[in-house]
Amino acid sequence: MREITLSQAVNEAIAEEMRRDPGVIVLGEDVAEAGTPFKILSGLVEEFGVDRIVDTPISEPGFTGIAVGAAMTGLRPIVDIMFGDFLFLVMDQLCNQAAKTHYMSGGKLNVPMVLRTNMGATRRSAAQHSQSLHALVAHIPGLKVALPSSAYEAKGLLKSAIRDNNPVVIIEDKLMYQDKAPVPEEPYLIPLGEAHVLREGRDITLVATSSMVQVANEAADRLSGDGISAEVIDPRSLVPLDEDTILRSVKKTSRAIVIDEGHQSYGVTAEIAARIAEKAFYHLDAPVQRMGAMDVPVPFSPALEDLTVPTAEKVVERARKAVRGALFHAA
Amino acid sequence: MPALGMAQDTGVIVSWRKALGDRVDISDPLFDVETDKTTMEVEAAHEGYLTEIRADAGAEIPVGQTIAIIAASGEVPAGTGVDLVPDTPKEPVAPTAPNRTEPPAVRDRPAAPSTPSAAPTISASPKAKFEAHRRGIDLRRLVDQGLPQPFHVADLDRLMPETGTAGPSLQASLLTANFAWPAFDGFIVWAEEKTGRQDMRLHTLAAFAAAALRTEVRSDGADSLAVSVMSVEVGAAEIILRDPDLQGLGDVAESAEEAGDAKPDLTLIDLSGTRLVAYKPAIWPGHLTINITDDTEDKGLATLHFCEDDLSLLAAARFLDNFAARIAEPVVQLL
């Protein structure tokens, strides 16, 4: 199968859906001529023109609000937020308007919009351009949230998101835009709410999102050298969450580590770990471990920044401890 | 405080049905106790007079702790009253109140480790606790063996068999029969020649075992029998033979199926032809197991592991004897 980058996969997904449905439009800063700073959307304006690939002024709340209105009145806008950190600017449009309109209109209005943005540290972009804020939106009822972990997921999930009649937030890891993965030539969809078991294992379940899937996979490789068989699960979407696949796995392995690049406190790792503890309690042979990013603003110093995110070494260390039955804390 | 459930650590006294000094007969309702699962009425096990009540309604009391005394005479000792403070579930309740001058009431249960009120909390993973409950293992046995806490499921597997008297009903009983090999060996040579197959030995043993089981234990006959087989030479085949005794010579292999989740009625482990003489599973697997081993040059041993709750000694003896007889005289099987 051919291999393409995550960035090309996103571009293909948008192009295919724009050809399929004339109601699909793109709104954002530098999306047309510039094709975004990451060159993800290059070429789209040439094919679809400036009426459908719309460069907006630098006002995230403004163009996100426009998208919410356009979605309510029949279009399927894709909003491009240049950095995930700018989600804070669109909280009202996204969380108070888009997420609640279907509910508050008694089902009379839909908001079929997609908000695409990014996450991920270790790009030396400092504290205001490195955050992973998916937990913020996953907390809001009415928003679906998907985190692609490869080019294959990026294309399939985005196409499903564009066709969804509800607001979907898709957050790509900006460090993975140039990562290649096998992606079929023929169109395909990946439904939201269907986890992917990357490898089956016996001793411990590693639930990982976005770029942390690579970290978990690398950890599983190293653990297999110690005779520890790790199962790696990518939930692919946080909302809806494929709880069944995760629970089934933990019931088999009796141990779990949840790895995500958002800050650890009050985050995605906590939510998934809590569901495991609640619903697979009698199957647990070790405490469920959370591994999120350190609870600090992402440092600009490369040496410090690298310390804030989960790494394969740290996952291996925790997994070994859990499997050999070591104490994590005083009983 | 009686243990009303297997996993019960404490019970809450809901109410007393008798007052201090009351006459009590056997089976009289004495008090109501609430566990995490239910509320039950506890009856008196002895007759006499209720001379001491040491725990008031509302108190949460560890299992095994004395909560009242029934004495032959109705004289209530001076100063007796409730001396266990209710509503202190988080604190371990002392066996006696500090200001008591009488001897401690735990004198009837002197062994410290078996007195739950004196035993520290045992730390184990949720799964280890659940598994221990399922397998009928008391975690205190792990403490006694000096294994470090918290316990995990692997620690349960390390638990040595209980010494002394027969332990919980999940321990398997052993029964051994001996038999002569030559007729069977000759039969196998003939059968392999006739069928052109190389796996007749294990399959024939499985067929004999199933036939013996069907004759002596499952005489109603209607059920299908599944036998899982393993030998050192052939390997631990994850294969179950379905009704091997009802298949024609050489057709037994046709009944083989992937073991999957299916539970066999019987596991047959052929260790003959090796130096191995005994195998006992650490945990009762929930079904019959027969090990075949060599004894002397032309004698073999068949050892049956069975649980007497499921299969009586008499039935087990008949089954194993029937099986051994078939090996000793295999031609009988063909008739």
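The structure displayed is predicted, hence computed values, not measured ones. Just so we're on the same page: letters track the sequence lines, and every chain starts at 1.
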Visitor: Other residues, nucleotides and ligands only: do more than 12 of their heavy atoms fall within 6.0 Å of NE2 on B:His287?
Guide: yes
Visitor: Using a 4.5 Å cut-off on heavy atoms from C-beta on, say whether the side chain of A:Leu284 contacts that of B:Lys127.
Guide: no
Visitor: Does atom CZ (B:Arg275) have a neighbourhood of more than 12 heavy atoms from anything else shown, all under 6.0 Å?
Guide: no
Visitor: Tell me, yes or no, whether the heavy-atom count around A:Tyr188 atom OH, taken from other residues, nucleotides or ligands under 6.0 Å, exceeds 12.
Guide: yes
Visitor: From B:Glu131 CD over to A:His283 NE2, what is the distance, rounded to the nearest 0.5 angstrom?
Guide: 9.5 Å
Visitor: In Å, rounded to the nearest 0.5 Å, how long is the span from OG of B:Ser125 to OH of A:Tyr282?
Guide: 12.5 Å
